[in-house]
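In what follows, a single structure is set out as structure tokens and then discussed.
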Amino acid sequence: MLEVYSADWCNPCQTLKKLLDKENIKYKAINIDEEPELANHNGIRGIPTLINSETNQRLVGSLTLEQVKSIV
């Protein structure tokens, strides 16, 4: 499962979620403003952060489709 750490005010975060939706990639969205303890626990230092919870691979920042697919 992919986890997307993001915030409503973050344009790159919204773009990433639209990309995932367009490609029908399932993910769990975690709003860092609503869940700061979870974000801190998982070492989130920048957004958007995409984490593959099975492999613990992570990508941070504005991402291309190719980058996203590299950890799916």
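Remember, predicted model here, so these are calculated numbers, not experimental data.
- Remark: side-chain polar atoms of Ser53 are paired, donor with acceptor, to backbone N or O of Met1 under 3.5 angstrom.
- Looking only at distances, a side-chain donor or acceptor of Gln67 sits under 3.5 Å from a matching main-chain atom of Thr64.
- Using a 4.5 Å heavy-atom threshold, the side chains of Asp21 and Tyr27 count as touching.
- Not counting sequence neighbours, Pro36 has no partner by the side chain to side chain contact (heavy atoms under 4.5 Å, CB included) test.
- The distance from atom CZ of Arg58 to atom CZ of Arg45, rounded to the nearest 0.5 Å, is 9.0 Å.
- Proximity of Ile51 to Leu2: side-chain heavy atoms (C-beta onward) are nowhere separated by under 4.5 Å.
- Side-chain contact between Val68 and Leu20: present, with at least one pair of heavy atoms (C-beta onward) separated by less than 4.5 Å.
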Given the rule in the side-chain contact (heavy atoms from CB on, under 4.5 Å) test, do Leu19 and Leu63 qualify, once you have shown the distances and angles that lead to the verdict? CA-CA 9 Å; Leu19 175 67; Leu63 304 170; 5.8 Å; no
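- The hydrophobic clustering, which links ILVMFWY residues whose side-chain heavy atoms are closer than 4.5 Å, places Ile30 and Trp9 together.
- Each of Ile47, Leu38, Asp8 was checked for a side chain to side chain contact (heavy atoms under 4.5 Å, CB included) with Asn31, and the lone residue meeting it is Asp8.
- At least one donor-acceptor pair under 3.5 Å links the side chain of Gln14 to the backbone N or O of Ala7.
- Not one N or O on the side chain of Asn42 forms a donor-acceptor pair closer than 3.5 Å with the backbone of Ile44.
- Within the model, atoms OG of Ser6 and CD1 of Ile32 stand 8.0 Å from one another, a figure rounded to the nearest 0.5 Å.
- Between the side chain of Asn52 and the backbone N or O of Gln57 there is no donor-acceptor pair closer than 3.5 Å.
- Interatomic distance, Lys18 NZ to Cys13 SG, rounded to the nearest 0.5 Å: 12.0 Å.
- Criterion: ILVMFWY side-chain heavy atoms under 4.5 Å apart, direct or through other members. Under it, Val4 and Val60 are not part of a common hydrophobic cluster.
- Side-chain contact between Leu65 and Glu23 is present, with at least one heavy-atom pair separated by less than 4.5 Å.
- Linking Ile, Leu, Val, Met, Phe, Trp and Tyr whenever their side-chain heavy atoms come within less than 4.5 Å leaves Tyr5 and Leu59 in two separate clusters.
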